[in-house]
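In what follows, a single structure is set out as structure tokens and then discussed.
By convention here, the first residue in the shown sequence is residue 1.
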Amino acid sequence: MEANVRWVLLTALAPIAWGANYWVTHAYLPADRPLWGAALRALPAGLLLLALARRRPHGAWWWRSALLGLLNTAVFFVLLYLASQLLPTSTAATVMAASPLAMLLTAWALAAQHPHRSHLAGAVVGLAGVALTVLGTGSALNRAGLAASAGAMLVSSVGYVLAARWREGADPLAATAWQLTAGGLLLLPLAAGAEGAPPPLHGPTLLAFGYVTLAATALAFACWFTGLRHLPAATVGLLGLLNPLTGVLLGTVLDGDELGPRQGLGLALVVVGILLGRPRPRPRPCTDTDTGNGTGTPATATGAGLPGKRVP
């Protein structure tokens, strides 16, 4: 029991770090350098995790890592950076809270993974909560920021479906390191060509990039995948709710974002929607060992697949 509590606390660091990333990006990182911001987040973190994993891609994973790095890291991090800069912290966090629901619908559309009725209900409730939160602010929101949030959800959802189909034979931590490294390498020439020299790294900006790279990316992913190895998938999925809750809390307390009754109700609907759409354990078929065949072989649960990517 104490061991499980320790794994839960360790895993919870990841969504808390991701939720705080919205505020750190909005408050301290340069608004006009999204390409450099994404590159400086992805590449150092990818190299650090690669040093820990000590595994190189092999076979088809060379081009898979490049494609997933483009979707899950390069494009996703840039769009997330733009959303964090253009939207209030609480709004950006709440909109991105619909990512698991978007992934569910994308898997249905692209991979014919038919969801349970409760999953569809969760998608409808969660999206209604996002709409209520966004429309209930009482002030005009940046359309480009909303488009960036929607694009980030779409890109990450497609990346999730591909990663879920290709996870056979790949260590999760190593695969994440490959994607981060590939995405960072793809972003470097684009950032240099479009934005010129990297932003000056000193004072608060240096500390902010240090947090985003080390805490919100390298450490967060390491904690997340450690939790996936020691905790049930449903438990890890529920811990992901700390991501939007952290973002909303920091935006409200530190930035003075409005959190009226409508926003509170919308956030509550998002939480309910994700709870309805959480993974449910499949019933394990009865085997000889379950009925006592006398072999002494312990029954083991198989097929408890790990969820694919997060929700930067």
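- By the 4.5 Å heavy-atom criterion applied to side chains, Tyr28 and Leu207 are not counted as neighbours.
- Residues Val155 and Val158 fall within the same hydrophobic cluster, defined by Ile, Leu, Val, Met, Phe, Trp and Tyr side chains chained together at heavy-atom separations under 4.5 Å.
- Hydrophobic clustering of Ile, Leu, Val, Met, Phe, Trp and Tyr side chains at less than 4.5 Å, counting indirect connections, unites Trp63 with Leu162.
- Note that OG1 of Thr89 is 10.0 Å distant from CG of Asn21, once rounded to the nearest 0.5 Å.
- In this structure, the side chain of Tyr211 does not engage the main chain of Ala20 through any donor-acceptor pair within 3.5 Å.
- In this structure a side-chain-to-backbone donor-acceptor pair under 3.5 Å is missing from Thr226 to Leu10.
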**OP:** Step by step, work out the side chain to side chain contact (heavy atoms under 4.5 Å, CB included) result for Leu250 and Tyr22.
**Re:** CA-CA 9 Å; Leu250 290 178; Tyr22 297 108; over 6 Å; no
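- The closest donor-acceptor contact from the side chain of Gln179 to the backbone of Asn72 lies at 3.5 Å or more, if one exists at all.
- Here CG of Leu52 is found 11.0 Å from CG of Leu47. Values are rounded to the nearest 0.5 Å.
- Residues Trp7 and Leu219 fall into different hydrophobic clusters, defined by Ile, Leu, Val, Met, Phe, Trp and Tyr side chains chained together at heavy-atom separations under 4.5 Å.
- At a threshold of 4.5 Å between non-hydrogen side-chain atoms, the residues Pro88 and His26 do not count as touching.
- Looking at every heavy atom in both residues, Ala39 comes nearest to Leu188 through CB-CD2, 4.4 Å.
- To the nearest 0.5 Å, the span separating NE2 on His58 from OG on Ser65 amounts to 9.5 Å.
- Taking each heavy atom of Ala74 and Gly183 in turn, the nearest pair found is CB-O, 4.0 Å.
- Checking side-chain atoms of Glu195 against main-chain N and O of Trp36 turns up a donor-acceptor pair under 3.5 Å.
- Note that the CG atom of Leu146 and the CG atom of Asn142 stand 7.0 Å from one another [nearest 0.5 Å].
- The two residues Ala38 and Val78 come nearest to each other via the heavy atoms CB-CG2, 3.6 Å.
- One finds the CG atom of Leu82 at 8.0 Å from the CG atom of Leu35 (value rounded to the nearest 0.5 Å).
- Side-chain contact between Leu43 and Leu180: absent, with no pair of heavy atoms (C-beta onward) separated by less than 4.5 Å.
- In this structure, Phe221 has its ring center closer than 6.0 angstrom to the ring center of Trp18.
- Between Leu201 and Phe209, some side-chain heavy-atom pair lies under the 4.5 Å cut-off.
- The closest side-chain heavy-atom distance from Leu9 to Val5 is below 4.5 Å.
- In the hydrophobic clustering of this structure, Leu249 does not group with Leu265; members are Ile, Leu, Val, Met, Phe, Trp, Tyr whose side-chain heavy atoms approach within less than 4.5 Å, directly or through other members.
- Residues Tyr81 and Leu71 fall into different hydrophobic clusters, defined by Ile, Leu, Val, Met, Phe, Trp and Tyr side chains chained together at heavy-atom separations under 4.5 Å.
- Looking at Trp178, its side chain does come within 3.5 Å of a backbone N or O of Arg55 through a donor-acceptor pair.
- The two residues Val24 and Ala208 come nearest to each other via the heavy atoms CG1-CB, 3.8 Å.
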(request) Check the pair Leu214 / Leu48 against side chain to side chain contact (heavy atoms under 4.5 Å, CB included), numbers first and verdict last. (result) CA-CA 9 Å; Leu214 298 178; Leu48 178 59; 4.2 Å; yes
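- With a 4.5 Å cut-off on side-chain heavy atoms, Ser84 and Trp23 do not count as touching.
- Side-chain contact between Leu40 and Arg33 is absent, with no heavy atoms from C-beta onward closer than 4.5 Å.
- Shortest non-hydrogen contact noted between Ala66 and Leu186 is O-CD1, 4.0 Å.
- Atom CG of Leu70 is separated from atom CG of Leu185 by 12.5 Å, given to the nearest 0.5 angstrom.
- Annotation: side chain of Val212 is not in contact with side chain of Phe77 (no heavy-atom distance under 4.5 Å).
- The two residues Thr205 and Pro30 have their closest heavy-atom pair at CG2-CD, 4.3 Å.
- A side-chain donor from one of Arg41 and Thr217 sits under 3.5 Å from a side-chain acceptor of the other.
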